[in-house]
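Everything below concerns the one structure shown next.
Just so it is clear, the model here is predicted, and its values are computed rather than measured. Chain letters run A, B, ... following the sequence lines, proteins first and then strands; every chain starts at 1.
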2 protein chains.
Amino acid sequence: MTNSEENYIKEIYKLSLINSNHVTTNEIAYELSTKPPSVSDMLKKLSKKKLINYEKYKGVNLTSKGQNLAIYLTRKHRLWEFFLVNCLKYNWDEVHNIAEQLEHVKSEDLINRLDKFLGFPKIDPHGEPIPDINGVFNYLDSKSLDNLGINNIGKVVGVKTDDTDFLKYLDKINISIGSKLKIIDINKFDQSFEIEIKNQVRNISFDVAKNILILC
Amino acid sequence: MTNSEENYIKEIYKLSLINSNHVTTNEIAYELSTKPPSVSDMLKKLSKKKLINYEKYKGVNLTSKGQNLAIYLTRKHRLWEFFLVNCLKYNWDEVHNIAEQLEHVKSEDLINRLDKFLGFPKIDPHGEPIPDINGVFNYLDSKSLDNLGINNIGKVVGVKTDDTDFLKYLDKINISIGSKLKIIDINKFDQSFEIEIKNQVRNISFDVAKNILILC
DNA sequence: ATTAATTTTTAGTCTAATCTAATTATTTTT
DNA sequence: AAAAATAATTAGATTAGACTAAAAATTAAT
Ligand SMILES: [Mn+2]
Ligand SMILES: [Mn+2]
Ligand SMILES: [Mn+2]
Ligand SMILES: [Mn+2]
């Protein structure tokens, strides 16, 4: 397994959660900042390794072997992120890129020891569940903020992306995991949300709202 | 900087400590388990980057830029080894290969935070000094065991290789960092050493003796 | 049902890192 | 000083992963 193959598998996994298991070449290319011909090449290779189901022109999804691998890579990524925030005192917006490197270190034993050292954490710094040694994990019963209505109250339990700019923005407007907030109003024109958080009223765009996970 | 370039720089550094700054193509190839033509290619590349001084057929040594890089890579390698042994409870014979991977993670900040998290250790699990953030480090005033004479007494303060088989063997014969030992006899035929350690007399080969560092 | 637009794949090129086989330099022996 | 042995380099191939440009398949519009 090369790093590149692993990155493709992780990305296909991520996209298939959004697109109900049907992932296209162009999507993968866009997300990995590569070009469609590179993706086509890689899909052939992953298909030959039985990690994906692939028919030319028909899109792609993971086999169960591919899915297990994706979950294992996700486990590694999130455990390293947990380590970076909790041990090395990184902020949650700084860890994704380093974890992208650390996740490719090859040693199952290393990850299981790291897991133990960290106290078998269940949730990463962005509120995402960390698969255990058997690949088992549970999502909280949360919704993204854009699904809430006026006067709804909830608690932030996670984010859907760990993009640095997005997380820095949340820091700036004082939203973090655990924050309680209330929907004051929804702007009919641009779907932006007026929310109350820590006794301050703020406006956030629909795009931002979509990426915040709330438990009511 | 690719991983491969980094591995060559580290190896040239290691060899130039032994061979007083004159490193040959074949040596590098042998140590990196690669072939001389691959080394020749890489030497050209490293030379173009001003990391080594290289003249065809004349061997090679590091520029000061290359040396700084080598020391930085050594710092990363040894800090990760310290982490693996002291946090993840690995045995000293298990950590080298994992550290070979971790050392290539690109983030200076990560290493400086790791250093702080570990309490700025000065010595790695094999008794080797860990360069600080400025690349400064000190060797103990130790000699390898083969330089001692009969009846000399000393304490093991380090090893010269972190080869798994070598370290496993030391574990088996009860030698670890801190062990006190005494030279009982030296076999004139094969230069093997008879030593007393923890009230037991053992025989070790010249090759093993050469790789054990002693402080008298 | 054609035509047009979009998506995906193929064809061919490039770079990094490796290899084997052949050639050239250097060093050692005679 | 010439021959032999050793060491290092060049030549040419290969593999992984990426790219551009061109072709083919699919989907959307008229
Ligand atoms: Mn992440
Ligand atoms: Mn990655
Ligand atoms: Mn090591
Ligand atoms: Mn390495």
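- Distances shown here put a side-chain N or O of B:Asn26 below 4.0 Å from the OP1 or OP2 atom of D:dA8.
- Proximity of A:Tyr30 to the phosphate of C:dT8: no side-chain N or O atom is located under 4.0 Å from OP1 or OP2.
- A salt bridge between A:Glu31 and A:Lys10 is absent, with no side-chain N of the basic residue lying under 4.0 Å from a carboxylate O of the acidic one.
- The closest side-chain heavy-atom distance from B:Ile28 to B:Val60 is below 4.5 Å.
- Residues from residues 1-10 of chain A that place a heavy atom under 4.0 Å from any atom of DNA chain D, listed by number: A:Thr2, A:Ser4, A:Tyr8.
- A centroid separation of 6.0 Å or more is found between the aromatic rings of B:His126 and B:His96.
- Between B:Leu43 atom CG and C:dA16 atom P there is a gap of 16 Å when expressed in whole angstrom units.
- Around OH of A:Tyr30, the count of heavy atoms belonging to other residues, nucleotides or ligands within 6.0 Å does not exceed 12.
- For A:Thr34 and B:Lys44, each mapped to the nucleotide of DNA chain D holding its nearest heavy atom, the one lying further toward the 5' end belongs to B:Lys44.
- Between B:Asp132 and B:Lys122, no side-chain nitrogen of the basic residue sits less than 4.0 Å from a carboxylate oxygen of the acidic one, so the salt-bridge criterion is not met.
- The nearest whole Å value for the distance from the CE atom in A:Met42 to the P atom in D:dC19 is 11 Å.
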Within the sub-3.5 Å range, which N or O atoms of nucleotides 21-26 of chain D have a protein N or O partner, and how far apart are they?
{"from": "D:dA25", "atom 1": "O4'", "to": "A:Tyr57", "atom 2": "OH", "distance (Å)": "3.4"}

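- A salt bridge does not link B:Glu100 to B:Lys76: none of the charged side-chain nitrogens sits closer than 4.0 Å to a carboxylate oxygen.
- Side-chain proximity of A:Ser38 to the nucleotides D:dA18, C:dT8, D:dT9 is greatest for D:dA18.
- Spacing between atom CD1 of A:Ile28 and atom P of C:dT8 amounts to 9 Å, rounded to whole angstrom units.
- Rounded to whole angstrom, the span from the CG atom of A:Asp41 across to the P atom of C:dA11 amounts to 11 Å.
- Between B:Phe82 and B:Phe117, the ring centre distance reaches or exceeds 6.0 Å.
- By the 4.5 Å heavy-atom criterion applied to side chains, A:Asp162 and A:Glu81 are counted as neighbours.
- The side chain of A:Thr25 places an N or O atom within less than 4.0 Å of a non-bridging phosphate oxygen (OP1 or OP2) of C:dT9.
- Distance CG (A:Leu46) to P (C:dT9): 13 Å, rounded to an integer number of Å.
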Checklist entry - Going through the distances and angles, do B:Arg75 and B:Asn112 end up as a side chain to side chain donor-acceptor pair (under 3.5 Å)? => result CA-CA 10 Å; B:Arg75 166 171 161 80; B:Asn112 295 334; 2.7 Å; yes
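- We find that CG of B:Leu32 is positioned 10 Å from P of C:dC19, with the value rounded to whole Å.
- Closest to the B:Thr24 side chain, of the nucleotides D:dA8, D:dA18, D:dT9, is D:dA8.
- Residue A:Lys35 contributes atom NZ, which lies 19 Å from atom P of C:dT10 at whole-angstrom precision.
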